Amino acid sequence: MVKSTYQPSPGALQPLPPGWTEHKAPTGHTYYYHAETKESTYKRPGAPPPAAVSAAAPMNPAMSSYVQHQTVPQINLSDPAVANAFMSQYGQAQPQQHGQRGGFGAGGRGGFQPRPRPQPVDKPRSKVAIPGCEPWILVYTKYGRRFAYNPAKNASYWRIPEKLMPAILELDQARIRQKAGGDTTNQRQQNEGSADVDKAPTPAVDEQQAEAAHDYDSSEYEEVEVTDDEDAEDGQDQAGNARKRQRTEEPSADNGPAEFTEADIAAQLAAMGAGYDDDIEMGEDGGWEEGDEGLALSDEDARELFKDLLNDFNINPYSPWEKLIEEGKVFDDARYTVLTTTKARKDVWEEWSRAKIQELKERRAKEEKKDPRIPYIALLQEKATPKLYWPEFRRKYKREEAMKDNKLSDKDREKWYREHINRLKLPQTTLKADLKKLLGSVPPSALNNQTMASNLPPQVLADIRYISLDPKVRDPFVEAYIQGLGAPPEAGEAAEQEDEAAAKAREERRKREKALGERERAVAEEKRRQEKKLQYERGRLRDEELELERAMQVGKRGLQSQLVGDKEP
Amino acid sequence: MPAIRPSSKRKAPPDGFSDIEEDLLIFGNKMKDAQNTPTDNMPKHQAQWPIFQIAHQRSRYVYELYYDKEAISKKLYEWLLKNGYADAMLIAKWKKQGYEKLCCLRCIQTKETNFNSTCVCRVPRAQLKEDQDVQCVSCGCRGCASTD
């Protein structure tokens, strides 16, 4: 297919007259505003009136979509004069009609349409001097189109003039070579205009040139062809412009996302098969079924493997089985298939979740419970004053987390509050003595000279006596007390035992995984052997067939020839 | 299916609620979705099937957590029943022999049927004809006999 480089665009807009500024309305329209006269208009001020109206006006609505695509109105371009005038006008002097793709179809510019639709604006983006034809330059636009421009004559052509063709071809080829050389960085801003060339390398361009030469006698410009990829690019560029997108149907056909490859379908089928589970085994390659007969993983191991799988995926033991199935995270794991039926899986899951919940329970019981009193006592220390009665205090701080905690009863809170307020009135020495008594009551394993002052044991923090003193007095006192204490007693051996148990579990798990790996390998081996056997059998069959065939070819001479033939070799 | 009380109007849940909160929330969302699905294009008797099914699933979930796995405390279980997370009447039936898989209470209500019989979903599969595909009218159950 010949890919034309002709890609229409409104080209450069004329600069605005002084005082005018360009703005975007919330609807996407561009409008112009004159700050002094307070005048605003959709029409680009200072633009010359459009010239080729008469040519473009009669527009068949049925044609419009075609025209949108084709982008060129029904003008007889075979007449060079008309074409030239049209092109120059089309190329640059079309101010209020940005990106006229679709603009003509939508009613033309005869003023039928008071508000122009927001349309993409194509702009020149980069230019390249054409070597050998000096005043001419090649301009690339934002949407990857390009046109030739002669600044001397102030003329620009979408259809590249014949005399420039060889020079531009050379330019393209040079660029392709450069690109192939890996020098892509400076090509970035040369944009998609080159994409055209990339996809249709030299031969196509040559062809195009040939066609151009062929057409030359009839007109200066050859037939207009708009390439599809240009459309696609446009579509991507103007993703926001949904209306536009709808009207040009081509891009969706081209690069629509709804393309399912075979792999996709296969994956989906596999997922569905997994969803329906049961006796339909996961792998259609049949790897597991074969393996299951010969060297079955022991039942115990299979169950353990499945439990490991559940552990690995951080399955919530409280969740229902249906949730596990619906989520389907575990289907892809090889360990899912070590148990062959869903019933077995569910059994194992039940067992696992029961054990897991039990374990969680135990761990929670063992975990030292954070005393709910501690935050409340801290709150008292911070906020309580003798100026507030308990109801006032409660009302004032009811939003505090410590006040809302349902593990403490309101009665207790009130009791501690009153006690605390009463204690605040006692003399310092009594308070200090009380605190000393409190600290003394803590066993040395919890409080010793290794204890940090910021990390006191909970029985101290949760006591009302601890907060009676002002922190400024109390903290140095506590620190001094800690300094005077002895070293901590020897640590218990419970922790070590736990470590041992964990190590044991890990070891067992490793063993199981190894077993799984071995099983997989054995299955593969078995498969290979069977395949080989199959091949061998097939070969033999073929040989026999050949022999039979030979035997069937008993000619008119009968058995004799056969016998002779046998003897000969 | 009584609505579940909003968290501001109910007592604070007992310990252990945080473990199952997420799953209950999933059930709650499913129920809301089922309630909000338009039922214009389906037979009238089918309109409530999904509601019954989700209520059954959720009750079953609570029941299993308490009776099978013993994962939640009695306090929490009772709190869940009181707040409408499970149907206590249905669970009461599940504890009886022969009703272990009962789908809904309407299906054993003999007084509401023409021949004073239970629903067809209560008939054991063995007694049905070969390949007879049943789906009961009240909750869309396909068979909830204990022997199935």
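Model, not experiment: these values are computed from the prediction. All values below come from the heavy atoms of this structure, side chains included, with hydrogens, waters and symmetry mates left out.
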If contact means a heavy atom pair closer than 4.5 Å, which residues of residues 60-76 of chain B contact chain A? B:Y61, B:L65, B:D68, B:K69, B:E70, B:A71
Would you say B:K95 has more than 12 foreign heavy atoms packed within less than 6.0 Å of its NZ? yes
Looking at A:F313, I'd like to know if its CZ atom is crowded, meaning that more than 12 non-hydrogen atoms belonging to other residues, nucleotides or ligands lie closer than 6.0 Å. yes
So does B:R10 have more than 12 non-hydrogen atoms from other groups sitting under 6.0 Å from CZ? yes
Side chain to side chain contact (heavy atoms under 4.5 Å, CB included) with B:I26: of A:K323, A:E322, A:E326, only one passes, and it is A:K323
Considering only NZ, NE, NH1 and NH2 on the basic side and carboxylate oxygens on the acidic side, decide whether A:R364 and B:D19 come within less than 4.0 Å. yes
Using a 6.0 Å cut-off, check whether atom CD of B:E22 has over 12 heavy atoms from anything other than its own residue. no
Does B:N41, at its CG atom, have more than 12 non-hydrogen atoms belonging to other residues, nucleotides or ligands within less than 6.0 Å? no
If I measure from the heavy atoms of chain A, does B:P14 come under 4.5 Å with its side chain, its backbone, both, or neither? neither
Heavy-atom proximity to chain A below 4.5 Å, by part of B:Q57: neither
State whether the number of non-hydrogen atoms from other residues, nucleotides or ligands found under 6.0 Å of A:E401 atom CD is greater than 12. no
